[in-house]
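Heads up, the thing below is written out as structure tokens.
Start at 1 with the first residue, then count along the sequence.
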Amino acid sequence: MEEKLTGIVVSAIDYRENDKLINVFTLEKGIVTASLKGVKKAGAKMKFAAAPFCLAEFVFSRKNDKRTVIGASLTDSFYPIRENIYSLYCGGAILEFLKRFLKEEIVSPELFFSTVSALKDVAYGAENDLSVTTRFFINALKYSGYALNTSGCFSCENDNFERVFFDYKSGAFYCEDCRDKDMKEINRITYSALQNAENGIAVSETEAKYALRLIDFYITNKTEENLKALKELNKLCAERN
């Protein structure tokens, strides 16, 4: 049986002597795994289809639960992402989130289109890459069931407060009067950046750095997932300061 799916290559690993196994986040079927035969040979026609970030229309041959790529039509490789180390880590963090949080064949059109939009903006957009990445994570966490609640103090609903406290267990923020003693106090800039990102407003690189550090803290403590690319991105940003 053949099937045609639109997808983004999330990861690829060597398989046998000349083949690769790729994980593809597809619009129609969610994450699927497929083999690319002979793609490691010199001059292989579908070598592009084994590259992370590749957005293409894939044709799969499917037998039982195994898929083999028999055709691919490239839509975009988002090549400029590879030309800048910050862009590369931003793109890598996006793909790693998909790899860790998406289950086989769980469909999420919202997350798919959010991913395509983020990769386009990182590759070609004028907005700074960290702002784009912050917005992606805000949306991706929401679509994955781990939404951050930035609408004000979760208890009293007041949004006009100076000291902000974060509860990673609920993903909510609290004012000083409503907080519990074990909550983490965060910079007001961080909170404002997260609010703006959620509302689709671009933030500065400095604001995004604060926001991405909190997002990393939240993911690590809430989900116990360790996104290495996001941690390396935060480390790289700290070193640049």
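- Salt-bridge check for Asp216 with Lys231: passed, with a basic side-chain N closer than 4.0 Å to an acidic carboxylate O.
- Here Asp121 pairs with Arg135 in a salt bridge; the nearest charged N to carboxylate O distance falls below 4.0 Å.
- With respect to Arg67 and Glu105, a salt bridge is recorded, a charged nitrogen being found less than 4.0 Å from a carboxylate O.
- For the pair Lys40 and Asp19, the salt-bridge criterion is not met [side-chain N within less than 4.0 Å of a carboxylate O].
- The pair Arg62-Glu2 fails the salt-bridge criterion, with no side-chain N (NZ, NE, NH1 or NH2) lying under 4.0 Å from an Asp/Glu carboxylate O.
- Here the closest non-hydrogen pair linking Ala118 and Ile94 is CB-CD1, 3.9 Å.
- With values rounded to the nearest 0.5 angstrom, Ser35 atom OG is found 10.0 Å from Phe60 atom CZ.
- For Tyr79 and Glu83, the side-chain atoms include no donor-acceptor pair closer than 3.5 Å.
- Closest approach of Gly30 and Val107 over heavy atoms only: N-CG2, 4.1 Å.
- Taken from OH in Tyr210 to OG1 in Thr134, the straight-line distance is 13.5 Å, to the nearest 0.5 Å.
- Both tests pass for Arg188 against the ring of Phe161: distance under 6.0 Å to the centre and angle within 45° of the axis.
- Taking a cutoff of 4.0 Å between a charged side-chain nitrogen and a carboxylate oxygen, Glu3 and Lys29 qualify as a salt bridge.
- Side-chain polar atoms of Asn187 and Thr190 form no donor-acceptor pair below 3.5 angstrom.
- Salt-bridge formation is detected for the pair Arg100/Glu96: a Lys NZ or Arg NE/NH1/NH2 atom is positioned less than 4.0 Å from an Asp or Glu carboxylate oxygen.
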